[in-house]
Amino acid sequence: DGGITQSPKYLFRKEGQNVTLSCEQNLNHDAMYWYRQDPGQGLRLIYYSQIVNDFQKGDIAEGYSVSREKKESFPLTVTSAQKNPTAFYLCASSISAGSYEQYFGPGTRLTVT
Amino acid sequence: DAKTTQPTSMDCAEGRAANLPCNHSTISGNEYVYWYRQIHSQGPQYIIHGLKNNETNEMASLIITEDRKSSTLILPHATLRDTAVYYCIVRVGESNFGNEKLTFGTGTRLTIIP
């Protein structure tokens, strides 16, 4: 079955540590996205990638970094510079950058203490 | 992208039609209306989208007013599995490269009552 996988489902880290969240898709989609969701809030775009080896900052990129070395993979690193990293992180993909439908993964809930 | 306004929460009896309103009074001529939903602790799921004509698919119907300033998502026979947060989003259409962002607000929390 095609889809998007994110791992792990739950992640716990100590403050000051960098942590990398995995996102893999086998849908052959060109575009991929990372969103952050805080309790009771909507989604906010962190980074997006329209094509391999290219990515752009979203609305809240500070304290995060990404890479897009392979079409299937778009890992997100939450650095120690991110002041409030505890959140629900969602990865998505779409056929192309302008496509109307984005497919979302199940999310990773990151808790930093 | 235009802003949308949705009620914070709604209830609907199981088996009845759920009608979720959305106001988007500043929508531009080239902006579509999209609906997504998010079941608790899962990723959002695309439901339907439209420009100015009413649309229907296997999940829902979308009714857009003639002036395009508001729309209604209709779930014809709501089930308990339809309990979720529903997001109404306006965005330029598929062909506009560089407008990839979907701006999710806080949505409407729909609860289906047994």
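We name chains A, B, ... by the order of the sequence lines, and we start the count at 1 in each one. Not measured: the values here are computed from a predicted model.
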Interatomic distance, A/Ser65 atom OG to A/Lys57 atom NZ [nearest 0.5 angstrom]: 11.0 Å
Residue part contacting chain B, namely of A/Leu90, when any heavy atom lies under 4.5 Å: side chain
Residue list, side chain to side chain donor-acceptor pair (under 3.5 Å) with A/Gln37, at least two apart or on another chain: B/Gln38, B/Tyr87
Atom pair OH/CG of A/Tyr35 and A/Leu45 - distance to nearest 0.5 Å: 5.0 Å
Residue-level contacts of residues 74-83 of chain A with chain B, using a heavy-atom cutoff under 4.5 Å: none
Heavy-atom check, side chain of A/Lys14 versus side chain of A/Thr113, under 4.5 Å: yes
Electrostatic pair A/Asp54:A/Arg68 at N-O distance under 4.0 angstrom: no
Interatomic distance, B/Arg68 atom CZ to B/Lys52 atom NZ [nearest 0.5 angstrom]: 8.0 Å
From B/Thr72 atom OG1 to B/Leu20 atom CG, the distance as rounded to the nearest 0.5 Å: 8.5 Å
Which portion of A/Arg44 sits near chain B, non-hydrogen atoms under 4.5 angstrom: neither
